[in-house]
Amino acid sequence: MLTIGQAALDVLLAEPGADHNQLATLGYGAGGRIVLELARTGVPFKALAVIHPGLPTPRAEDWTNAGGIFLLCTGSEDPLCTPAQILTFGSALQDAGVDWRAHIYGGAKHAFWAAPTQPDGTPTGGADHLSPTVPGVGYHAAHSARAWRAVLDLFSESIGAQAPGF
């Protein structure tokens, strides 16, 4: 995962105009684990947001090189990234001196932000996925919007990014 993340970061940093001192990142699920692995190595993120991430082992000594502000989000009914796991991980971050916060969305399941789609990619307009998913996955429109707002607020606070209109 670290190799994938580093390759993506290298592409970003090679872009003309990329500000190496104003890095913020967002990862969902496995993407959350990827950005956490980058942060653990000391990539100088000003902000890092993860939504129902795959969490690494929560050991404070692994996070002493991490900086920036961490936002950890999950649903109260997420069986793959439970609120207890988020809080245990946050405790390790705190012990390492990392600035962190957690949002637990009541009634939300894993991947609560992923609106169900038809096989052609168009939205179903409902809350239920038509294709089989792993147990514990479910869309929650209100919490999806709330999590996105939390990410935008974090980025605004840390790097001054302006939120797009809704």
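Smallest separation of non-hydrogen atoms from I34 and I4: CD1-CG2, 4.0 Å. Summarising the geometry of V137 relative to A111, their closest heavy-atom pair is CG1-CB, 4.0 Å, with the distance given to 0.1 Å. P53 and L36 get closest at one heavy-atom pair: CB-CD1, 4.2 Å. Taking every heavy atom of both residues into account, V98 and A66 meet most closely at CG2-O, 4.0 Å. The minimum heavy-atom distance linking C73 with Y105 is given by the pair CB-CE1, 3.9 Å. Nearest heavy-atom pair, R33 versus L55, reported as atom, atom and distance to 0.1 Å: NH1-O, 3.5 Å.
Formation of a donor-acceptor pair under 3.5 Å by the T74 side chain with backbone atoms of C81 is found in this model. Between the side chain of Q85 and the backbone N or O of T82 there is at least one donor-acceptor pair closer than 3.5 Å. Side chain of H110 to backbone of G138: no donor-acceptor contact under 3.5 angstrom is found. For the pair T88 (side chain) and A84 (backbone), a donor-acceptor distance under 3.5 Å is present.
In this structure, the separation between NE2 on H143 and CD1 on I104 is 11.0 Å, given to the nearest 0.5 Å. One finds the CE atom of M1 at 11.5 Å from the CG atom of L38 (value rounded to the nearest 0.5 Å). Atom CG of D95 is separated from atom CD of E61 by 9.5 Å, given to the nearest 0.5 angstrom. Going from atom CZ of R101 over to atom CG of D153 covers 8.5 Å, rounded to the nearest 0.5 Å.
When hydrophobic clusters are built by joining Ile, Leu, Val, Met, Phe, Trp and Tyr residues whose side-chain heavy atoms come closer than 4.5 Å, directly or via intermediates, F112 is grouped together with V151. With hydrophobic clusters built from ILVMFWY side chains whose heavy atoms lie under 4.5 angstrom apart, Y28 shares a cluster with L71. No single ILVMFWY cluster, assembled from side-chain heavy atoms under 4.5 Å apart, contains both L154 and L93. F70 and L2 end up in the same hydrophobic cluster when Ile, Leu, Val, Met, Phe, Trp and Tyr side chains are linked at under 4.5 Å. Two different hydrophobic clusters hold L26 and V43 under the rule that ILVMFWY side chains link at heavy-atom gaps under 4.5 Å.
Looking at I69 and L48, their side chains never come closer than 4.5 Å, going by heavy atoms from C-beta outward. Put simply, the side chain of H20 reaches to within 4.5 Å of the side chain of L13, judged on heavy atoms. Within the 4.5 Å cutoff, side-chain heavy atoms of W100 are placed close to those of L72. Residues T122 and T117 have side chains not in contact (no heavy-atom distance under 4.5 Å, counting atoms from C-beta outward).
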(message) side chain to side chain donor-acceptor pair (under 3.5 Å) for W113 and H140? Distances and angles first, verdict last.
(response) CA-CA 6 Å; W113 56 271; H140 196 296; over 6 Å; no

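For K46, the side-chain contact (heavy atoms from CB on, under 4.5 Å) criterion is met by Q22, S158, I159, not counting sequence neighbours.
Aromatic ring centres of W63 and F89 lie closer together than 6.0 Å.
Salt bridge annotation for K109-D78: absent, with no cationic side-chain nitrogen under 4.0 angstrom from a carboxylate oxygen.
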